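Please read the structure below before turning to the comments.
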Amino acid sequence: MTQKKIALINDVTGFGRCSIAVMAPIVSAMKIQAVTIPTAILSTHTQFPIYYFDDYTPKMRDYIQTYKDLNLKFDAIATGFLGSEEQVDIVIDFIKNFNKGDTFVLVDPVMGDYGKLYKTYTPAMCNKMKELVRFAEILTPKLTELCTLLDIEYPDEGKVSLEKLESMCEKLSKKGPRHIVVTGIPFNKKQILNFIYNKGEDYQLIMSDKIGNDRSGTGDVISSIIAGMYMNGHSLYESAKKATTFVSKCIEYCERNKVPNYWGLCFEMFLRDLTEE
Ligand code: PXL
């Protein structure tokens with residue numbers, strides 16, 4: 001059996017456990033080869049008071065050209081935080097080149113949190129992300145991102161009905177993604193809701209306990225587990241379930257060991273849970 005390959009288009013961040021530093025080991029544990037396509041190199045992620053940031057955009061086209069010349073093929077492409085409109089254009093060009101029909105594309109539209117967009121998300125950048133969404137088979141937005149992609153106001157305290165979530169996903173799926181996992185929706189003081197949408201099917205729900213505060217890179221852990229599980233033949237529900245169970249276990253460990261939130265999830269402790277024989 002030939003091993004599968006996933007192209008990870010994301011930043012390389014040294015300390016803080018996010019992006020490729022998290023996604024590559026996770027998909028590797030799932031026996032999938034990780035191929036890194038860097039968008040930027042940072043010493044730590046941007047939640048730290050200081051960080052070194054080297055934008056890789058001007059070099060990405062030459063980097064990718066070698067893959068085109070080598071006629072490399074990928075079973076999947078996963079994208080995460082993107083810094084500029086130009087970078088999104090490069091990613092769209094990459095998908096157009098390498099998605100030969102049997103490549104699956106996961107887009108994690110990392111745009112904001114709690115109803116607020118990150119500073120780099122100008123209206124033009126939001127429109128660019130809407131373009132990218134058209135190329136996704138699986139989309140893993142948070143509620144903030146789902147609302148932004150549909151130009152809908154973020155609901156008060158993130159409270160939203162299941163019917164509304166379904167209609168939002170239906171609307172977004174008309175633009176491209178057949179599968180949508182809306183992650184980390186505030187449900188009540190103790191629980192978080194994850195909403196699973198498969199086009200043409202009934203929605204499914206996964207509840208997880210809310211333990212402690214949010215941790216950096218959680219979205220990257222979730223999206224890479226979903227991508228890896230899905231590539232290994234599991235349903236979207238099973239993939240999302242695996243991701244949420246794994247994240248809960250990591251958070252519980254981090255809380256017990258008083259690991260600061262900005263240090264991300266201690267996923268290394270449980271990587272073996274992801275390996276299937
Ligand atoms: O997915 C989280 C993330 C990724 N990359 C960078 C970040 C963050 C979160 O802050 O700063 C550079």
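Everything numeric in this text was worked out from a predicted model, so none of it was measured. Whatever order the structure lists ligands and atoms in, that order sets their numbers, starting from 1.
Atom numbering of ligand 1 starts at 1 in the shown order; those under 4.0 Å from a heavy atom of H45 are 7 (C), 11 (O). Of all the atoms in ligand 1, the ones that sit under 4.0 Å from a non-hydrogen atom of S19 are 4 (C), 5 (N). Listed by atom number, the atoms of ligand 1 under 4.0 Å from L42 heavy atoms are 12 (C).
Ring geometry for F74 against F94 counts as tilted: the plane angle lies between 30° and 60°, on a 0 to 90° scale.
Regarding atom 5 (N) of ligand 1, its nearest protein heavy-atom neighbour is D11 OD2, 2.8 Å. Of the protein's non-hydrogen atoms, T46 OG1, 2.6 Å is the one closest to atom 11 (O) of ligand 1. Counting protein heavy atoms only, atom 9 (C) of ligand 1 is closest to Q47 NE2, 4.0 Å. Nearest protein neighbour of atom 2 (C) of ligand 1, counting heavy atoms only, is D220 OD2, 3.6 Å.
Y262 belongs to a hydrophobic cluster whose other members, connected by ILVMFWY side-chain contacts under 4.5 Å either directly or through intermediates, are F15, F48, V259, W263.
Between D220 and R17 there is no salt bridge, since no side-chain nitrogen of the basic residue lies less than 4.0 Å from a carboxylate oxygen of the acidic one.
Ligand 1 has at least one atom lying under 4.0 Å from a heavy atom of C18.
A side-chain donor from one of Q65 and D69 sits under 3.5 Å from a side-chain acceptor of the other. In this structure, a donor-acceptor pair under 3.5 Å is absent between the side chains of Q47 and S216.
Taking the side chain to side chain contact (heavy atoms under 4.5 Å, CB included) definition, one finds that K73 meets it with N71, sequence neighbours left out.
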